[in-house]
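Just the heavy atoms: all of them, side chains too, but no hydrogens, waters or symmetry mates, feed the values below. Every chain is numbered from 1, with letters handed out A, B, ... down the list of sequences.
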2 protein chains.
Amino acid sequence: MKKSITIKELSKLLDVSISTVSKALNDSHEISPATKKRIQDTAKLYNYKPNRIAVHLKSGKANTIGVVLPSIKNFFLARALRGIESVIAKTDYNIIISITNESYEKEVKSIQTLANGFVDAIIIAVSEETQIKQDFTHLKNVQDDVHLLMFDRVVQSIDCDKVVVDEYEAIFNAVKELQSKGRKNIALASTINNLSVGKLRTKGYLAAIEGIQESILIEGSEGAVENEVLSLIEAQKIDAIIALDEEASLASFRIGKKKEVLSNGKLSLIGYAGTKISEHLTPSLTTINQHGKRVGRTAAELLLKKLNKPLKDPELLTVNSSLYVRETS
Amino acid sequence: MKKSITIKELSKLLDVSISTVSKALNDSHEISPATKKRIQDTAKLYNYKPNRIAVHLKSGKANTIGVVLPSIKNFFLARALRGIESVIAKTDYNIIISITNESYEKEVKSIQTLANGFVDAIIIAVSEETQIKQDFTHLKNVQDDVHLLMFDRVVQSIDCDKVVVDEYEAIFNAVKELQSKGRKNIALASTINNLSVGKLRTKGYLAAIEGIQESILIEGSEGAVENEVLSLIEAQKIDAIIALDEEASLASFRIGKKKEVLSNGKLSLIGYAGTKISEHLTPSLTTINQHGKRVGRTAAELLLKKLNKPLKDPELLTVNSSLYVRETS
DNA sequence: CTGTTAGCGCCTTCAC
DNA sequence: GTGAAGGCGCTAACAG
């Protein structure tokens, strides 16, 4: 930790002015080739690197994009992150990630850390706690400082660019698919009824069963879902489950497997889960795939576009999901 | 994006000096309660927030720790990250994460982004490509600017704080465990023979079979491992596999399952994989658990300690892993 | 109690 | 072709 050399020190060393060094290092035409070389050489020798903080303060541009995620355990968010990265990597922007662990407080802190100078723009998927609390002032305020883009977990009342998934339609279609196969008692299992996306999916389910069957809602913690699924199966009240998230999907799967109704066609199960685990389950799990990577790419591309011409109105882009039919349906 | 208000603007607005505003906002005792309130009130009104970049440039302290990870798909690294966060969250440091996707180039870029002013310290697990390339100059140089701590994927030749897992012993013990159960033809499957940790694990394996059996090394891509496992099983050349990473574990699992040797005791399998998937496999997978979260916590705690008194010599801490015996062994 | 000044590291007119 | 000066937003002596 001997601290990098500065332009000032370099100027003293070479007995030239600070501005000469600066210009030489920026390859200005105002400096003679001779001194330019002399300066650049010693700069290299001393391993000079411009202090980004100073450059940033001076230029007012961070050249950095902040990505705020509630979790990275979440396979969808992890894929979305990769999508974002794959796009940003081709530009001269840097990416900085902050994880909120679904906490409101951490989200506020993250946003403030990033916004006040660190980054030019923020891509965020709002945390669960924030969506429960319904307090979005930190998100509103941050728009003063940086360009804001939300994806997946989106706040309606905030006017900014957004990229979402066709939650409603995806579930609606999945239910229709089950119905077309003769399923008449389709339950919905969810541990994410606090999330905007969870609510949208539930609406899609309700719309699809409208006039066909009564709704069977299984909501709560992973354990609660397990218990309720168990009693519903034992009472033979259901012949299919749509699970809205990985926890609910695996909980339903475990019970279905234990009760031996998954392989013999007594119970269909469509869930949300990562490809790897879905394929390795026995029987393998039919899932709704939200194309996280594409969502991330779309978000990053939209952001870059807006960063270039910030004038335009906010946009809302939707990425369609698709059903990956495997053995449980 | 109307740009946050600055102290200067505030001072003009209130017709006091810049430093008075600064002091008032920092709750200095030098300022009279009356003006202090007046200033703080209008600051709040205009939603003033200090520009962190300027504070940072001034103080020379970023109050931020950078975490550089090769991947977040990797369950161990994801858990380690959570461990790091859980410790840092209790301090007033912020965390900033950068993902290298196992790329040397991205690692260099990440380090440079972070080091030149952004952060006070860097916690890194080196990327695969870097370990193949064996070019560590960027890591050596960065030590001029920030405190460096490596974990898991560690570079021997660099003198810094390190937190590692007992790779050698863990495998050694796992092999001994298999041998004690009568296994005589234990193969090693790995897609990570490029990594330092992979090499260490292989050494542990070789030491454990020394004088007992010939080594059976299955190395390469996930597909290559699949093929080789298949032919070894068909030739009845092996009765156990130790797989060094999730890909090799799942590849071995798939083949073992397909050939129906996993449930009837013909083939034992010990792997590395996340708890969730390991438990959901049928049969469930015996794994070596490296306690990623504890590794992360240990790393963060060590770093904080060093950040307080930077004088002391680098330390090397080891976190022991444990065997989670499930159905495949 | 309030204000002036200097400076963090860099870049950028504007003089010379 | 080179250098001096000012300023990005903020803090911290030091004066008053």
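The 5' end of DNA chain D is approached more closely, in terms of each residue's nearest nucleotide, by A/His29 than by the other of B/Val55 and A/His29.
Between the side chain of A/His56 and the backbone N or O of B/Ile53 there is no donor-acceptor pair closer than 3.5 Å. Side-chain atoms of A/Asp120 never come within 3.5 Å of backbone atoms of A/Lys61 as a donor-acceptor pair (strictly under, hydrogens ignored). At distances below 3.5 Å, not a single donor-acceptor pair connects side-chain atoms of A/Thr42 with backbone N or O atoms of A/Leu45.
Here B/Thr20 does not reach the OP1 or OP2 of C/dC1: none of its side-chain N or O atoms lies under 4.0 Å away. B/Thr6 has no side-chain polar atom (N or O) that falls below the 4.0 Å cut-off from OP1 or OP2 of D/dG9. A/Lys8 has a side-chain polar atom (N or O) that falls below the 4.0 Å cut-off from OP1 or OP2 of C/dC8. Close to C/dC10, at under 4.0 Å from its OP1 or OP2, lies a side-chain N or O of A/Tyr48. Contact annotation: A/Ser22 reaches the phosphate of C/dC11 (side-chain N/O to OP1 or OP2, under 4.0 Å). Of the side-chain N and O atoms in B/Ser17, one or more sit less than 4.0 angstrom from OP1 or OP2 of C/dG3.
At the heavy-atom level, A/Ser32 lies under 4.0 Å from the strands shown only through sugar-phosphate atoms. Among the atoms of the strands shown, none is found under 4.0 Å from any heavy atom of B/Ser59.
Out of D/dC10, C/dC10, D/dA13, the shortest distance to the side chain of B/Lys23 is found at D/dA13. For B/Thr35, the side-chain atoms get nearest to C/dT2 when compared with the rest of C/dG9, D/dT11, C/dT2. The listed nucleotides are D/dT2, C/dG3, D/dC10; the one nearest the side chain of B/Ile7 is D/dC10.
For a distance-only test at 3.5 Å, the side chain of B/Ser19 qualifies as a donor-acceptor partner of the base of C/dT4.
Atom pair A/Asn26:CG and C/dT12:P shows a separation of 7 Å (rounding to whole Å applied). Atoms CG (B/Leu10) and C1' (D/dC10) sit 13 Å apart, rounded to a whole Å. B/Lys58 places its NZ atom 11 Å from the C1' atom of C/dT5, with the value rounded to the nearest Å. Whole-Å rounding puts the B/Asn51 CG to D/dC8 P distance at 12 Å. Between the NZ atom of B/Lys61 and the C1' atom of D/dT11 there is a distance of 16 Å, rounded to whole Å. Residue A/His56 contributes atom NE2, which lies 15 Å from atom C1' of C/dC8 at whole-angstrom precision. Distance CZ (A/Arg52) to C1' (C/dC11): 16 Å, rounded to an integer number of Å. To the nearest angstrom, C1' of C/dC11 lies 15 Å from CG of A/Asp27.
B/Thr130 has its side chain within reach of B/His138: a pair of non-hydrogen atoms, C-beta onward, lies under 4.5 Å apart. The shortest side-chain heavy-atom distance between B/Ser4 and B/Tyr48 does not fall under the 4.5 Å cut-off.
Of the N and O atoms on the side chains of A/Arg82 and B/Asn101, at least one donor lies less than 3.5 Å from an acceptor on the other residue.
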